[in-house]
Amino acid sequence: MLRLKAFRPTNDKIVKIQLHPTHPWMVTADDSDRVSVWNWEHRQVVYELKAGGVDERRLVGAKLEKLAEGETESKGKPTEAIRGGSVKQVNFYDDDVRFWQLWHNRSAAAEAPTAVHTSAFSSPAPSTKGRHFLVICCLNKAIFLDLVTMRGRDVPKQELDNKSLLCMEFLYRTGVGDGPLVAFGASDGVIRVLSMMTWKLVRRYTGGHKGSISCLMSFMAASGEALLVSGASDGLLIIWSADHGQDSRELVPKLSLKAHDGGVVAVELSRVMGGAPQLITIGADKTLAIWDTVSFKELRRIKPVPKLACHSVASWCHPRAPNLDILTCVKDSHIWAIEHPTYSALTRPLCELTSVIPPNALAPNKKLRVYCMVTHTLQPHLVATGTNIGVIICEFDARSLPPVAPLPTPADSREHSAVFVIERELKLLNFQLNNSANPSLGNNSSLSETGRPKGDFFEPLPVKQGKKHISTPVPHDSYSVLSVSSSGKYLAIVWPDIPYFSVYKVSDWSIVDSGSARLLAWDTCRDRFAILESALPPRLPIIPKGSSSKRAKEAAAAQAAAAAAAAAASTASVQVRILLDDGTSNILMRSVGARNEPVIGLRGGALLGVAYRTSRRVSPIAATAISTIQSMPLSGYGSSVSSFTTYDDGFSSNRPPTTAAPQNFQLYSWETFQPVGDLLPQPEWTAWDQTVEYCAFAYQQYIVISSLRPQYRYLGDVAIPYATSAVWHRRQLFVATPTTIEIVFVDAGVAQIDIETRKMKEEQKMKEAQAKAVAEHGELALITVEGPQSAKEERIALRPPMLQVVRLASFQHAPSVPPFLTLPKQSRVDGDESWTAAEERKAGEVAVGGGGVSVAVTRFPMEQKRPVGPLVVVGVKDGVLWLIDRYMCAHALSLSHPGIRCRCLAAYGDAVSAVKWASRLGREHHDDLAQFMLGMGYATEALHLPGISKRLEFDLAMKSNDLKRALHCLLTMSNSRDMGKDDTPGLGLNDILNLSDKKQEKISDKKQDMVEGVQGMVKFAKEFLDLIDAADATAQSEIAREALKRLATAGSVKGALEGHELRGLALRLANHGELTRLSGLVNNLVTLGLGREAAFAAAVLGDNALMEKAWQDTGMLAEAVLHSHAHGRPTLKNLVQAWNQALQREIEPTPSQKTDAAAAFLASLEEPKLTSLADAGKKAPIEILPPGMMSLNAPISIQKKPASAAQNSQQPPDKQLALEAPPTTTAAPESATQQPESTPASVTEPPPLESTSSDSTPAPVASPPQPESGETTVDNGVPTTGPAIDGDPNVNGETSQAEASTDNPATPEVPPPPVAAEVLETSTPTTAAVPTITTVPSNDPFI
């Protein structure tokens, strides 16, 4: 129940403390007047200053600011240089503080039966415009420090009649021009009010106190009047009116009460359920007094801790301790709680702080003393104390919920009801929306239901509610847990501290079953429940009055009693009972589970979850291993104890995150009582969908969401920490945390297992139908006549699971941006006016769409205000989310903002209505909504959203199989609607050249459109191919043909499509029988010089001659030779000759164009050294033949020119080079020794022959000799240097000779493989794999 939330050690005593309502900030002042702001969530210091003396940093900062603004001479002493004196009070002030102060006062006043109910908040004080002020009240001055800009303003006491300042309070109902007001209580008994806009004194409250004022507090009476109460050292409590116009400068007291002898120390407002608010005062006379705010009579006076005066008091309302209403502190180590203050007024120690703090924090000889205490206004489970060793923030069972359970609403009723327990009474809460227009129907006139602010404030939905007494008494008044059975016929109440349970029949509130049990869990499918039976432990003793140390001993005795209860509980067993229709309870199973460990938790649902206490720790490594098996994420969770236990070690502080959560949670079947699955880490709570499709397991930092059908599947986890409860509503999980309300939209998607299960079920149905038919009509029933089947093949696409979290409500005020960040520098008045105008504009987030429909501009609504304290989530009724708080007050959160509404409808399964509602959402958010609907499985419906982008529309159309629409989107996106028509001229190379001509006026519009169309199609080539495939798969050939036409047009433009896209296009053209277009594509590709793609297209076409033509025309003669050789084509000889001629041409030098002397000299140095012209003439012409081919008989006439360098060329491994030359030269043997080095040629792919034409996209083959091929490829470990053909004709012959001879001269000859294999395995003549042939003169000295 109790754990340490945060601890900050200090050297000095902490004497003043305050918590910010919405940010995790705490401001403290110690007795040496140091003030520090601390972020207790992240354990970081936000700001520190020395307020008592002069803070040097602030003084220097102020001087620098003045210098920056151009003020050189200081007019007198700056206010930062004034010594502050002792710190009397510290506080935060911003929009959040202001809002929640007003909310707290209003809600307390509204509880009174005589309360004047106003429909909305009265106008609040002017906003602080995004600034967060830290206000420090010192004896000599007040310091206002903006925590955003770190700029400060000091108001010395000289501006406040030169009286010492002792306390302060912010007034929330003010005149228009004054801005936020702060009241200071002074040493002369006068209250002075300062405007935070003009920094001037605006009014005084005089004539009341004779002594110095010690405390101030503003509150609201049940009549709606704003009041200010002050307590002073003269012991008087004075009530002043805080409702005032601008004219009243001096105000006199309304009422004066003698409260305490020796002075009033503090005053606090207490909200009373069903009654007018009360004032609680503590005084120097060691007493605590309670006052009624209607008659201002004293209701009760007690001495909480005799002999010690209280220094702090706080009103408290926590579901875990329903009877404790007031917390107080004296100078000892306890937080004291007062039970039933106006009746028995027993004082109990709520906690002993020495047991909470870290073990080393307190020195052995030192005693812990509390000097101040404050509760969190919005999170009542947090209590902060300032002590002599530092700040301690305790957390009291954040997971306990109010004792209330919603009942199912009858079908014809608009009034909903819930049952709650209060002080041994069972009561019924009836609630419904109060407005005439039902927000679920979407009142068009205004979007006020969306929770958007009117002016600056959220308008909560009006709720009409009433409470009725149920005659059946309740046996206990301690902490209780209520739950309702799945049918709604039975209500169970468990008092875990007693332990005792009762089951009531809702129709007549008779008791059906009761007994001793600490835990109870319902089945979601039937009216059965499991209880944890236990022997009755001794009841915790009521502690009589006595000294503080005696109290501590008694607290220890109480803990011992709790330990005894724990021992008794260890023998308890889990029992399952069923409630029959006649209202009788029967035991189904005496003991569930055969484990020996004591049970510490029960969780109801479609399966019964039982948590066991475990002592063993799991190492993080083991935990990781377990988590991968179970696909359940594991990290360090918090305490593994059920929130309903008091005896267990749930009181201890959190387990360090390094130790993994123990596997101590077992699921059991309600039918067989057998374990289901392995042990899991224990969740803090579980939530099961009513339809048993989804379940959520909550852990400390996140919620794990799983799908249950067709089989258990982990969907993911959402990072919502410290969640307290949740309710499923179809595919929506509404989660409450201590600070927010979130919606998680869930969809399981489509997994492989779902498709298999669906098929299995269909087959099973067919078999059953057949068996039925055979049983009825005999074997003849199986005879079927198969007609022509035109059923389209359905494609079931897999869809990943989707989890989307939307925050619906939180405590924080709508974030407003400080004016100095957004507005240009203006005079103060103008700046404020334009700022308010901007705020107003931002507040009215409504644009008017077509037909006068209001359209929400934002994607999601601004966060609504979360009701304060622990909440029970009732669920969605009347189109709003209902919540019930600890004061048994129902609250409605609007779901009618179109961004939320559309998602809720889609999750609920009504996608058509979701699309209708989308007309009220700004069109810029339709893409986002469409993505959501796609994730939910509504691709077809999402197509009807009017504002979606074409790109998303294409994806949705593809997903929903609407290929016609996908084609239209694609044509629009690629701008190619007019492309590919048979009458449009092709875009040949000349056309493109003409188009890119610089004379722009020549470009006709048509050609320009075609260029744009081609560019568009290139951009979306992949989408075109996907669309063609989808159309083929679903037999929609018309659509495929339309897309093909356009893609073929783009394919005929050089450099437009990539190689693999061109090959894919060729295959699809062939597949559709578009042979004319395909041959046209080949011719186009040949014209464009794309030989490889042209040959592939020709291969798909099956035209060998066209393939060879493609290669030949684009200079890829090597491929042509190999192809014709492999297929025994008659053109082989001509091709070989042409190829050899081409190779010969490449190794002959081109004459140098350089004429200047220096260039000629350098060129002569690069020339190969030839001894005579005769030697140059002896160069043999090249003859390279495919493997197995005889030498060419006819001599090839090649003009002999002096070769500049021997270049690499390709040679099949089993053929020597045949050179026509005199036998005396050593060229042939030389080339024979060099020849084997060409064997490890880089084989990129087999040549595209007919045999390989079935391959859809072969890897690209490098094109034959081209100028840019100077790279080195490494294949089988041997580098092969590519030629620098035509790029540099002056290659040094000796260099290449040396490279060639050192490369691998002694490689053994490879035996010739069979020809068919050879064609596939020998590399096509690529630039990177042509062997070196060098003819060396006979008198070369190296030979």
Got a second to check how far Q1036's CD is from L1027's CG, nearest 0.5 Å? 9.0 Å

Taking Q1137 for the side chain and N1134 for the main chain, is one N or O donor matched with an acceptor at less than 3.5 Å? no

Quick one: pull up CD in Q931 and CG in L934 and give me the separation to the nearest 0.5 Å. 6.0 Å

Could you grab the distance from atom CG of L1078 to atom CG of N1071, nearest 0.5 Å is fine? 11.5 Å

Please tell me if the side chains of D1103 and S1079 come closer than 4.5 Å, counting only heavy atoms from C-beta onward. no

Would the distance check show the side chain of R1046 and the main-chain N or O of V1014 forming a donor-acceptor pair, the cut-off being under 3.5 Å? no

So, taking the atom named CG in L956 and the one named SG in C969, what distance separates them when rounded to the nearest 0.5 Å? 9.0 Å

With a 4.5 Å cut-off on side-chain heavy atoms, are N1104 and H1123 touching? yes

Got K1019 and S974 here, is their nearest side-chain heavy-atom distance under 4.5 Å? no

Partner residues of D1113 under the side-chain contact (heavy atoms from CB on, under 4.5 Å) criterion, sequence neighbours left out: V1086, K1109

Can any side-chain N or O of S976 pair as donor or acceptor with the backbone N or O of T972 at less than 3.5 Å? no

What is the minimum heavy-atom distance between A1142 and L1117, and which atoms define it? CB-CD1, 3.8 Å

Nearest atoms (heavy-atom pairs only) where S960 meets L943: OG-CD1, 3.3 Å

Between D927 and S949, is there a donor-acceptor pair closer than 3.5 Å when you use the side chain of the first and the backbone of the second? yes

side-chain contact (heavy atoms from CB on, under 4.5 Å) for L1057 and V1018? Distances and angles first, verdict last. CA-CA 6 Å; L1057 298 182; V1018 168; 4.2 Å; yes

By side-chain contact (heavy atoms from CB on, under 4.5 Å), which residues pair with E1038, not counting sequence neighbours? R1041

I need the minimum non-hydrogen distance between A1098 and V1082, along with the two atoms involved. N-CG2, 3.8 Å

Please list, chain by chain and in numerical order, all residues satisfying side-chain contact (heavy atoms from CB on, under 4.5 Å) with E1023, sequence neighbours excluded. R951, F954, L970, F1020

Does the side chain of S1124 pick up a donor-acceptor pair with the side chain of E1108 at under 3.5 Å? no

Counting C-beta onward and ignoring hydrogens, is there a side-chain heavy-atom pair between L1065 and L1044 closer than 4.5 Å? yes

Short side-chain donor-acceptor distance under 3.5 Å, H1072 and E1074: no

Of all heavy-atom pairs between I1028 and R1068, which one has the smallest distance, and what is that distance? CG2-CD, 3.8 Å

Straight-line distance of L1067 CG to F1096 CZ, nearest 0.5 Å: 4.0 Å

Does the side chain of Q1144 reach to within under 4.5 Å of the side chain of N1140, using non-hydrogen atoms? no

At their closest point, which heavy atom of A939 faces which heavy atom of K959, and how far apart are they? CB-CB, 3.9 Å

Looking only at heavy atoms, which two atoms of A1070 and V1100 are closest? And how far apart? CB-CG1, 2.9 Å

If you apply the rule side-chain contact (heavy atoms from CB on, under 4.5 Å), what do you find for R1077 with L1081, and how did you get there? CA-CA 6 Å; R1077 217 175 274 275; L1081 178 71; over 6 Å; no

Going from CG on L1069 to CG on L1101, what distance comes out if it is rounded to the nearest 0.5 angstrom? 10.0 Å

Partner of L971 by side-chain contact (heavy atoms from CB on, under 4.5 Å), out of K950, R977, M1017, E1042: R977

